[in-house]
Amino acid sequence: MRAMDDLADVGDFYRDFARQEAKGESLTFERWAAGVAEDPEVLALLEGLPVAKRQPNLVFAAARWHGAATSAADPEYAALRSVLVGGWPHVRETILARSTQTNEVGRCATLLPLLAGLEGPLALIEVGASAGLCLHPDRWSYRYVDEEGEQFARLDPADGVSPVVLDCTVRGAAPLPPALPEIVHRGGVDLNPLDLSGGDTAAWLETLVWPEHEDRRARLAAACRVVADAPVDVLRGDLLTGLGEAIARARVAAPGASIVVFHSAVIAYLDEAGRHRWPGVVTGALEQVRADGAGAHWISNEGSAVLPGVSATARCEQVGRHFCLGLDGQALGWAHGHGRQLTWC
Ligand SMILES: C[S@@+](CC[C@H](N)C(=O)[O-])C[C@H]1O[C@@H](n2cnc3c(N)ncnc32)[C@H](O)[C@@H]1O
């Protein structure tokens with residue numbers, strides 16, 4: 001995942017997105033992004049948007065929201081182009097009104113080995129929580145398989161098998177727990193916290209899932225149903241300024257619990273200065289918690305270039321474009337962006 005300020009050069013970003021991110025994951029998005037990169041008329045429309053709104057995931061989701069047809073067998077760039085060019089005022093309005101808040105519950109499978117190694121009970125604080133699906137790692141079932149596809153670990157919630165089962169292929173000796181962690185607080189901060197209990201939130205989140213990823217879409221819909229009415233305490237605000245209040249609320253709501261601040265696919269949305277500041281903000285806030293005698297940890301799951309100081313500590317090589325998984329600033333492994341695979345260093 002590249003930082004959003006790279007979108008200053010739209011054509012280059014889409015060309016790179018087609019080759020590096022969509023290839024092998026979505027033929028539709030590969031063709032659409034490659035088409036946009038060479039289409040001056042469409043590039044001009046996108047260049048009229050604020051930089052952070054030019055991203056392929058948002059533009060393609062908005063186009064699909066307004067009817068751009070996808071076909072798994074032979075997707076055509078023309079299907080995207082006609083909606084963008086023919087219905088630009090409507091598509092533009094949707095792009096400006098909504099954001100790519102893709103909430104990927106599958107990421108819980110690659111976060112779990114880190115969470116489970118911490119002393120509980122846990123007070124989770126997710127910055128960039130979107131609808132908060134990753135705040136419920138104790139409500140999903142997990143199936144971990146080795147590289148030969150042999151299942152070697154299976155975990156279920158205390159009250160039985162979840163309708164959401166997360167499959168993850170593991171390379172290396174990831175420390176999988178015997179049971180799911182005890183979560184006593186679910187809070188966070190987001191510029192735009194999403195409420196799953198009504199409206200078209202779940203439908204928009206499903207549109208953000210890439211066209212060919214039917215399994216992810218079904219899993220997302222099931223996860224939204226499971227936690228639609230589960231309370232979370234996600235504050236509206238910027239993570240750089242809102243973290244202190246989120247931690248304070250967690251400490252009141254769950255005294256004695258270990259505070260765990262975590263994030264995945266979020267820090268890329270900050271500008272360069274913000275990305276640079278974030279490690280100091282989070283470690284400073286957690287040091288204060290530790291000074292009071294409570295447990296406090298930081299888990300990061302971001303593209304390798306997003307938090308270079310964390311990625312540089314990895315003791316094994318990055319796999320493809322997998323996210324760097326860090327605990328308290330130390331990289332421990334590489335995680336597929338949707339949680340399908342984990343390489344433990
Ligand atoms: C791609 S979504 C990821 C959601 C979730 N972390 C996950 O892994 O499924 C990014 C989220 O970060 C939020 N976000 C982006 N910049 C932020 C900021 N400066 N402060 C707080 N939230 C932010 C967005 O609103 C969005 O909900």
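For this chain, numbers begin at 1 and follow the sequence in order. Every number for a ligand or one of its atoms is a count from 1 in the order of the listing.
Taking distance alone, with nitrogen or oxygen atoms compared against 3.5 Å, Asn103 approaches ligand 1 more closely than that limit. Geometrically, ligand 1 and Tyr269 share no nitrogen or oxygen pair separated by less than 3.5 Å. Between Val189 and ligand 1, no N or O atom pair is found at a separation short of 3.5 Å. Backbone and side-chain nitrogen or oxygen atoms of Arg107 are examined, and one is located within less than 3.5 angstrom of a nitrogen or oxygen of ligand 1. The shortest N/O to N/O separation between Cys134 and ligand 1 does not fall below 3.5 Å.
Applying the 6.0 Å contact sphere to CZ of Arg236 captures more than 12 heavy atoms from other residues, nucleotides or ligands.
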I'd like a table of donor-acceptor pairs (distance under 3.5 Å, sequence neighbours excluded) in which one partner is a side-chain atom from residues 32-39, with atom names and distances.
unit_1	atom_1	unit_2	atom_2	d
Trp32	NE1	Glu76	O	3.1
Glu38	OE2	Arg15	NE	3.1
Asp39	OD1	Glu41	N	3.2
Asp39	OD1	Val42	N	3.3
Asp39	OD1	Arg81	NH2	3.4
Asp39	OD2	Tyr77	OH	2.7
Asp39	OD2	Arg81	NE	2.6

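Partners of Arg64 by salt bridge (Lys or Arg N to Asp or Glu O under 4.0 Å), not counting sequence neighbours: none found.
Within the 4.0 Å heavy-atom shell around ligand 1 one finds Gly237. Distances from ligand 1 to the non-hydrogen atoms of His263 include no value under 4.0 Å. Residue contacts with ligand 1: Val127 is excluded, as none of its non-hydrogen atoms falls under 4.0 Å. Ligand 1 has at least one atom lying under 4.0 Å from a heavy atom of Ala265.
Residues Tyr269 and Trp278 place their aromatic rings such that the two centres sit no closer than 6.0 Å.
The atoms of ligand 1 that sit less than 4.0 Å from any heavy atom of Thr100 are 1 (C), 2 (S).
Annotation: cation-pi pair Arg98/Trp204 present, NZ/CZ under 6.0 Å from the ring centroid and within 45° of its normal.
Here atom 22 (N) of ligand 1 lies nearest to Leu191 when heavy atoms of Leu191, Thr241, Asp271 are compared. For atom 20 (N) of ligand 1, the candidate residues are Leu239, Leu205, Leu111; the nearest heavy-atom contact is made by Leu239.
Distance check, rounded to the nearest 0.5 Å: CG of Asp233 to CZ of Arg186 gives 12.0 Å.
Linking ILVMFWY residues whenever their side-chain heavy atoms come closer than 4.5 Å, directly or via other members, places Leu243 and Leu240 in the same cluster.
Contacts between Leu270 and ligand 1 below 4.0 angstrom, taking non-hydrogen atoms only, involve the side chain exclusively.
The side-chain heavy atoms of Ser304 and Val306, taken from C-beta on, include no pair separated by under 4.5 Å.
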